[in-house]
2 protein chains.
Amino acid sequence: MPAPNKTRFALLGLLTFGPMSGYDLKRMFEKSLNYFWNESYGQIYPMLKKLAGEGLTGGKRESDPESRSRTVYSLKDEGMAAFREWLALPAEPMRDRNELLMKLFFGRHSSPDINRNHLLAAREYYTGLAQKFDELEIRLKEDCSDDPDQPYWLVTLGYGQNQSRALLQWCDQSLIALDEIPADRTSSDNSKNETNEPPSGGR
Amino acid sequence: MPAPNKTRFALLGLLTFGPMSGYDLKRMFEKSLNYFWNESYGQIYPMLKKLAGEGLTGGKRESDPESRSRTVYSLKDEGMAAFREWLALPAEPMRDRNELLMKLFFGRHSSPDINRNHLLAAREYYTGLAQKFDELEIRLKEDCSDDPDQPYWLVTLGYGQNQSRALLQWCDQSLIALDEIPADRTSSDNSKNETNEPPSGGR
DNA sequence: CGTGTCATGTAATCAGTTACATGATTCA
DNA sequence: TGAATCATGTAACTGATTACATGACACG
């Protein structure tokens, strides 16, 4: 059995905030979940139709002359039930595919400068991220103190904060570690002849 | 322009360790890069043919009667050059799609028990991970102290260590935070209308 | 002789992004 | 009027996994 589709649950979840159009949903992804989830229009619109077809949401064409015409979807009880069911299922661990780590793993074939730059770029990235998270924390605590969702959002925020701080530390410690590699080890060796034995293991 | 294919570079990178078959490469992914990269046969075999077709690797059918027949690919200078070129390019940040965070983000619609269980499962997961990383560190320092790749592998390992420890802490602090939510906030409220404010906020 | 591992591959399917097409409305 | 935004969608493409098919050899 292949992994069940998660786009549907992301959409159902966002619709708990109230009826919305596909366009609204896209903005919600950008605004709210962006750090751990996003969906493209190519996923959103077809899935919205599917969900309505399954009776999980109700779609109504709004032709209000006051506003622009759009299709607004609202969560039905059946949709809420399906969403709750999914919430209770164990979360599948994400498969990480980390390009930065791959580059550093093979760093011997690169140059000290390049490796250093990768880490500096990562450092900058995590610095900005940590800062954004801290700002978000302030806003969440100020503006949403009455919101029943607030504690949950603080939890997801905390994930980002802990992670970005930890990886910031990692950048610093790694920059030091790579600096300490003796030059005869950093040389990017063009040949692939050496010993042929696979890494790890050995004697 | 779509993101360039990274499978090719993963394969080229692994071939820096020496000539290998598709089967060997798959085992290498499983054994060495597993925590931040993996590829399935469905990606590996077609890409190996492609790389050979582009002249980046040499593929030789080995029909050694001593061993089983297999196709062994080796890195050519052109392949090494292409790999080096890629190493110097900035690493694209990975897009995180974190199911656990989505479930917790919408945790209000779940139950305290379920949220707690998600965090406990994550806690167990990261505990095991941190332990494996620590074991790996010992092995890396014992067995590979002469390996010119060792410092780079320690860097990638450090990423996993810092991250898993940080997220372990996050699990603990989040379990506490969710425990402190007053019961009238945890109730999975079916309606989205409320705002019947509880008298005098703050805790 | 049958199970497990080595070994290579493909087809079906699913997931996901990008680019494009269209058109209405708002606002400077 | 022309640019920005609102709004909906689809087609083409890439990426990736899963399941399957095949067969050889090893080991008990």
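Remember, predicted model here, so these are calculated numbers, not experimental data. Protein chains get the first letters and strands the later ones, always in sequence-line order, with residue 1 at the start of each. The analysis underlying the following values was restricted to heavy atoms, covering all of them including side chains, and did not include hydrogens, waters or symmetry mates.
In summary, A:E135 and A:R139 do not engage in a salt bridge, as defined by a charged side-chain N under 4.0 Å from a carboxylate O. A salt bridge does not link A:R108 with B:D147: none of the charged nitrogens is closer than 4.0 Å to a carboxylate oxygen. We find that B:E39 and B:K6 are not joined by a salt bridge, their nearest charged nitrogen and carboxylate oxygen being 4.0 Å or further apart.
Going from atom CG of B:L25 over to atom P of C:dG9 covers 12 Å, rounded to whole Å. The separation between A:M20 atom CE and D:dA7 atom P is 13 Å, rounded to whole Å. Look at OH on A:Y45: it is 18 Å from P on C:dG16, rounded to the nearest Å. Whole-Å rounding puts the B:K26 NZ to C:dT8 P distance at 14 Å. If you measure from atom CG of B:D96 to atom P of C:dG16, you get 14 Å, rounded to the nearest angstrom. Rounded to an integer number of Å, the gap from CG of B:N5 to C1' of C:dT17 is 15 Å. In this structure, CD1 of B:I44 is placed 14 Å from P of C:dT10, rounded to the nearest angstrom. A:R97 places its CZ atom 10 Å from the P atom of D:dG15, with the value rounded to the nearest Å.
Formation of a donor-acceptor pair under 3.5 Å by the A:N117 side chain with backbone atoms of A:I114 is not found in this model. No side-chain donor-acceptor contact under 3.5 Å links A:K141 to the backbone of A:L154.
Here the side chains of B:H118 and B:L100 are in contact, with some heavy-atom distance below 4.5 Å. Put simply, the side chain of A:T57 does not reach to within 4.5 Å of the side chain of A:L48, judged on heavy atoms.
Residues of residues 50-59 of chain A that place a heavy atom closer than 4.0 Å to DNA chain D do not occur.
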Could you go through nucleotides 4-6 of chain C and list every protein N or O atom that sits under 3.5 Å from one of its N or O atoms, giving the distance for each pair?
| unit_1 | atom_1 | unit_2 | atom_2 | d |
| --- | --- | --- | --- | --- |
| C:dT5 | O2 | B:R68 | NH1 | 3.2 |
| C:dC6 | OP2 | B:Y23 | OH | 2.7 |
| C:dC6 | O4' | B:R68 | NH1 | 2.8 |
| C:dC6 | O2 | B:R68 | NH1 | 3.4 |

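Within 4.0 Å (heavy atoms only), B:G22 reaches sugar-phosphate atoms of the nucleic acid but no base atom. Among the protein residues, B:K49 comes within range of the sugar-phosphate backbone only, with heavy atoms under 4.0 Å from sugar or phosphate atoms but none that close to a base.
Residue B:P46 is the one, among B:P46 and A:N38, whose nearest nucleotide of DNA chain C lies closer to the 5' end (criterion: closest heavy atom). If you find the closest nucleotide of DNA chain C to B:D24 and to B:G42, the one lying nearer the 5' end belongs to B:D24.
Residue A:R61 has no polar side-chain atom (N or O) positioned under 4.0 Å from OP1 or OP2 of D:dT8. OP1 or OP2 of D:dC6 has not a single side-chain nitrogen or oxygen of A:S21 nearer than 4.0 Å. Contact annotation: A:T7 reaches the phosphate of C:dG16 (side-chain N/O to OP1 or OP2, under 4.0 Å).
Taking only side-chain atoms of A:Y73, from C-beta outward, the nucleotide of D:dG15, D:dT10, D:dG9 with the closest atom is D:dG9. Which of C:dT8, C:dG16, D:dA16 sits closest to the side chain of B:Y41 comes down to C:dT8.
Aromatic ring pairs are classed by plane angle as parallel below 30°, tilted from 30° to 60° and perpendicular above 60°; the pair B:Y35 and B:F133 is perpendicular. A perpendicular orientation is assigned to the rings of B:F83 and A:F106, their planes being inclined by more than 60° (bins at 30° and 60°). Between A:F17 and B:F105, the ring planes lie perpendicular to each other; the angle is over 60°, past the 30° to 60° tilted range.
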| request: Apply the test salt bridge (charged side-chain N to carboxylate O under 4.0 Å, His left out) to residues B:D113 and B:R116: give CA-CA distance (whole Å), side-chain angles for both, the deciding distance (0.1 Å), then the verdict. | output: CA-CA 5 Å; B:D113 247 24; B:R116 188 177 174 74; 5.9 Å; no
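Recorded end-axis angle for the helix from C:dC1-D:dG28 to C:dA28-D:dT1 stands at 20°, based on five pairs per end and rounded to 10 degrees.
Checked against the 6.0 Å centroid criterion, the rings of A:Y159 and A:F36 do not qualify as a close aromatic pair.
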